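What follows is a set of notes on a single structure, which appears directly below.
None of these values were measured; they are calculated from a predicted model. What's counted below: heavy atoms across the whole structure, side chains too, no hydrogens, waters or symmetry copies.
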Amino acid sequence: MKPTDGLRYGSLSIALAFLALPLYVLLPNHYARNHGVDLASLGFLLLAVRILDAVFDPLLGRWLDRRFEHGIRSVLRLMTAGALVLALGLGALLFPQAAGPALMIWLMASLVVTYLAYSTLTIAHQSWGARL
């Protein structure tokens, strides 16, 4: 293992850790205070999207295992794309472009995109660490 491998691996850990807190702690408060979404509806939506994410996680794991067969550069390119999608999803969550009933649809779609990108990065990151 080269020192640069450890630096590349560790740098993503920091970014993923900084993202987890806003998603789970700050987002419900943001939507309740700024957009008038009641916490019960928000909690149900967050739970439903996490259940959907749990269904997709094993599929993502199998897909990423196949990507690793093509080499680490292939996975790193995928992780770069995943980080960009994650940033777009988080931006969509924090700055919704919808109001009223459409807000919940926007929130759901943004959560699905964000959680899938986050799961892709997390699974790829942990698989990479196991391979190192």
Side-chain angles (χ1 to χ4, degrees):
M1 185 170 111
K2 296 179 257 175
T4 55
D5 291 339
L7 287 173
R8 290 189 311 190
Y9 180 76
S11 63
L12 183 59
S13 296
I14 294 169
L16 289 173
F18 275 110
L19 183 64
L21 182 66
L23 276 179
Y24 297 115
V25 176
L26 301 177
L27 191 68
N29 182 46
H30 173 69
Y31 272 84
R33 286 184 182 231
N34 298 331
H35 302 287
V37 177
D38 66 290
L39 289 176
S41 298
L42 189 57
F44 175 78
L45 185 61
L46 287 167
L47 177 63
V49 172
R50 288 303 289 167
I51 290 170
L52 180 67
D53 184 53
V55 169
F56 279 106
D57 277 358
L59 302 172
L60 286 171
R62 284 190 203 115
W63 180 63
L64 286 164
D65 280 343
R66 288 193 300 272
R67 297 305 314 157
F68 271 105
E69 292 171 5
H70 298 286
I72 189 64
R73 291 203 184 275
S74 172
V75 176
L76 290 176
R77 282 192 299 273
L78 175 71
M79 290 171 75
T80 301
L84 292 172
V85 170
L86 182 59
L88 291 172
L90 186 60
L93 281 172
L94 294 177
F95 305 104
Q97 301 299 306
L103 180 64
M104 292 303 280
I105 295 169
W106 178 277
L107 177 59
M108 183 180 67
S110 299
L111 280 170
V112 168
V113 168
T114 303
Y115 281 141
L116 285 176
Y118 184 81
S119 291
T120 300
L121 282 171
T122 303
I123 293 168
H125 185 247
Q126 291 171 353
S127 298
W128 182 20
R131 289 171 189 341
L132 287 176

Going by atom type alone, with no hydrogens or angles, which donor-acceptor pairs under 3.5 Å involve a side-chain atom of residues 86-107 and a protein atom two or more places apart or on another chain?
unit_1 : atom_1 : unit_2 : atom_2 : d
Q97    : NE2    : F95    : O      : 3.0
W106   : NE1    : A92    : O      : 2.8
W106   : NE1    : S110   : OG     : 3.4

field: Least distance between heavy atoms, A124 atom then L64 atom
entry: N-CD1, 3.6 Å

- prompt: Remaining members of V113's ILVMFWY cluster at a side-chain heavy-atom cut-off under 4.5 Å?
  reply: V85

message: Rounded at 0.5 Å granularity, tell me how far CG in L16 sits from OG1 in T122.
response: 4.5 Å

task: Run through the side-chain heavy atoms of Ile, Leu, Val, Met, Phe, Trp and Tyr, join any pair under 4.5 Å, and report what else lands in L47's cluster.
output: I51

- request: Determine the minimum heavy-atom distance between L60 and L116, stating which atoms define it.
  value: CD1-O, 4.1 Å

- prompt: Under the salt bridge (Lys or Arg N to Asp or Glu O under 4.0 Å) rule, what pairs show up with a residue in residues 28-54, not counting sequence neighbours?
  reply: R50-D53

statement: So ring-ring contact (aromatic ring centres under 6.0 Å, His included) across residues 53-84, not counting sequence neighbours, yields none

- prompt: Would you say T80 and R77 make side-chain contact, with heavy atoms under 4.5 Å?
  reply: no

task: State, with a plain yes or no, whether a side-chain heavy atom of D65 is found less than 4.5 Å away from one of E69.
output: no

Members sharing L84's hydrophobic cluster (side chains within less than 4.5 Å): none

message: If you compare all heavy atoms of P28 against all heavy atoms of L42, which two are closest, and at what distance to 0.1 Å?
response: CA-CD2, 3.2 Å

- request: Fit a plane to each ring of H125 and W128, take the angle between them on a 0 to 90° scale, and name the class: parallel (under 30°), tilted (30 to 60°) or perpendicular (over 60°).
  value: perpendicular

message: Do V37 and L45 have side chains that approach each other closer than 4.5 Å (heavy atoms only, starting at C-beta)?
response: no

field: Joint hydrophobic cluster, L59 plus M79, side-chain heavy atoms closer than 4.5 Å
entry: yes

